[in-house]
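Notes follow the structure.
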Amino acid sequence: MEEGSINLPPGFQFYPTDEELVLDFLYRKASLLPCYPNIIPDLDSYVHDPWELSGKALSSGNQWYFFSQKTQDRATKNGYWKQLDIDEAIYTSAGKKVGIKKYLLFYMGEAPEGIETNWIMQEYSLSNSGLGCTSYKRIAGKKILDGVEWVLCRVYERKSSQHGFWCDEDDDDGTELSCLDEIFLSLDDDLDEISLPN
């Protein structure tokens, strides 16, 4: 294990909701408040290829979590992360917008000629309209701008493209439906034609 890597105790699984990732981890990190437990490491995600995250990022199941400083250069040693045109707003249970989730797909090779892989990154950032998104620090009792914009990243490898882009059996967002359940429910127009055994 490399320095800074985190191991969860046996039996412990880390499956936070989007709201928990933004409020309980990212907001506290950006505000320089302590996180308890402090289990998500800082990592320059664009130095490492996604398959190198094991032993460096917080691992839970087949997902890796880490904080990173926001950057526009998303090239790694063997490829690059390409941002997709999908942004999801993250809301609290009270309906306040607190964050944004962006989706990125990893490509092998040099942009723009790379080869698409099954590696996906969800990049969480704080909402400008809800919580402040820039870190501050105190020096001699004064709050000053730290100049760092933090993001929280969740990386996983989708199992198979046949189940659709967003399905991953370990990507738990709080729903109890499996990918196959979602596919079955999406076929609701054809349900009348399906006969079940008695």
Side-chain angles (χ1 to χ4, degrees), residues 1-84 88 90 99-111 114-126 133-135 137 146-160 165-173:
M1 292 296 252
E2 296 192 12
E3 184 178 341
S5 64
I6 306 291
N7 277 328
L8 297 176
F12 181 84
Q13 294 186 346
F14 185 71
Y15 287 113
T17 64
D18 289 346
E19 179 183 354
E20 290 168 338
L21 284 173
V22 170
L23 292 181
D24 297 330
F25 293 94
L26 182 57
Y27 174 72
R28 296 187 71 80
K29 174 74 170 177
S31 301
L32 299 175
L33 298 171
C35 287
Y36 299 109
N38 187 14
I39 58 175
I40 302 178
D42 298 349
L43 189 63
D44 185 351
S45 61
Y46 309 111
V47 169
H48 306 286
D49 292 315
W51 52 87
E52 296 177 325
L53 293 174
S54 183
K56 297 177 178 68
L58 169 65
S59 174
S60 185
N62 291 323
Q63 299 181 14
W64 291 268
Y65 297 84
F66 54 91
F67 292 113
S68 187
Q69 295 181 19
K70 189 168 187 174
T71 179
Q72 296 301 315
D73 181 15
R74 295 185 168 119
T76 69
K77 294 177 284 189
N78 294 300
Y80 60 96
W81 290 99
K82 180 179 179 182
Q83 184 173 325
L84 305 174
E88 290 182 20
I90 309 297
I100 303 289
K101 178 168 65 171
K102 297 180 181 297
Y103 288 88
L104 298 96
L105 186 60
F106 189 75
Y107 285 78
M108 291 286 294
E110 294 186 16
I115 300 168
E116 181 179 321
T117 71
N118 286 335
W119 289 97
I120 302 200
M121 179 188 295
Q122 296 172 342
E123 184 184 82
Y124 295 84
S125 59
L126 296 176
C133 62
T134 307
S135 295
K137 61 183 176 183
D146 190 29
V148 173
E149 187 172 348
W150 290 100
V151 293
L152 194 158
C153 301
R154 177 192 323 202
V155 174
Y156 61 92
E157 186 176 16
R158 64 184 172 188
K159 297 302 178 196
S160 171
F165 183 79
W166 306 115
C167 290
D168 183 84
E169 57 192 48
D170 295 311
D171 186 18
D172 184 1
D173 63 357

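Note that the structure is predicted; figures quoted are calculated from it, not measured.
- Between Tyr80 and Gly109, the shortest heavy-atom distance links the atoms CD2-O, 3.3 Å.
- Judged by distance alone, the side chain of Thr76 and the main-chain N or O of Gly79 form a donor-acceptor pair under 3.5 Å.
- Heavy atoms only, all atoms of each residue included: Arg158 and Leu105 are closest at NH2-CD1, 4.4 Å.
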### Task
Take Leu53 and Leu43 through the test side-chain contact (heavy atoms from CB on, under 4.5 Å) and record every step on the way to the result.
CA-CA 9 Å; Leu53 293 174; Leu43 189 63; 3.5 Å; yes
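- Taking CG from Asn38 and CZ from Arg28, the interatomic distance works out to 10.5 Å, rounded to the nearest 0.5 Å.
- One distance of note links CG of Asp18 with CG of Leu152; it measures 10.5 Å at 0.5 Å rounding.
- Between Phe106 and Asp49 there is a side-chain heavy-atom pair separated by less than 4.5 Å.
- One distance of note links CG of Leu58 with CD of Gln63; it measures 10.0 Å at 0.5 Å rounding.
- With hydrogens and angles ignored, the 3.5 Å screen pairs no side-chain donor or acceptor of Ser125 with any backbone N or O of Val151.
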### Message
Set out, in order, the CA-CA distance, both residues' side-chain angles and the distance that settles side-chain contact (heavy atoms from CB on, under 4.5 Å) for Gln83 and Arg74, then state yes or no.
### Response
CA-CA 9 Å; Gln83 184 173 325; Arg74 295 185 168 119; 3.2 Å; yes
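- Remark: Glu20 does not engage Arg154 in a salt bridge, criterion side-chain N to carboxylate O under 4.0 Å.
- Using cut-offs of 30° and 60° for the angle between ring planes, the Trp150 and Phe67 rings count as perpendicular.
- Using a 30° and 60° split on the angle between ring planes, Trp119 and Trp51 fall in the tilted class, from 30° to 60°.
- In terms of heavy atoms, Glu88 sits closest to Tyr103 at OE2-OH, 2.9 Å.
- Rounding to the nearest 0.5 Å gives a distance of 5.5 Å between CH2 of Trp64 and CG of Asn62.
- Dense packing is recorded around CG of Leu33, with more than 12 heavy atoms of other residues, nucleotides or ligands lying under 6.0 Å away.
- Note: Ile39 CD1 to Ser59 OG = 11.0 Å, rounded to the nearest 0.5 Å.
- Listed here is the closest heavy atom pair of Ile40 and Phe66: CG2-CA, 3.5 Å.
- Applying the 6.0 Å contact sphere to CD of Glu52 captures more than 12 heavy atoms from other residues, nucleotides or ligands.
- Heavy atoms only, all atoms of each residue included: Pro41 and Lys56 are closest at CG-O, 3.4 Å.
- Counting only heavy atoms from C-beta outward, the side chains of Leu21 and Lys101 never approach each other to under 4.5 Å.
- With values rounded to the nearest 0.5 angstrom, Thr117 atom OG1 is found 11.5 Å from Asn78 atom CG.
- Closest approach of Tyr15 to Gly61, counting heavy atoms only: OH-CA, 3.8 Å.
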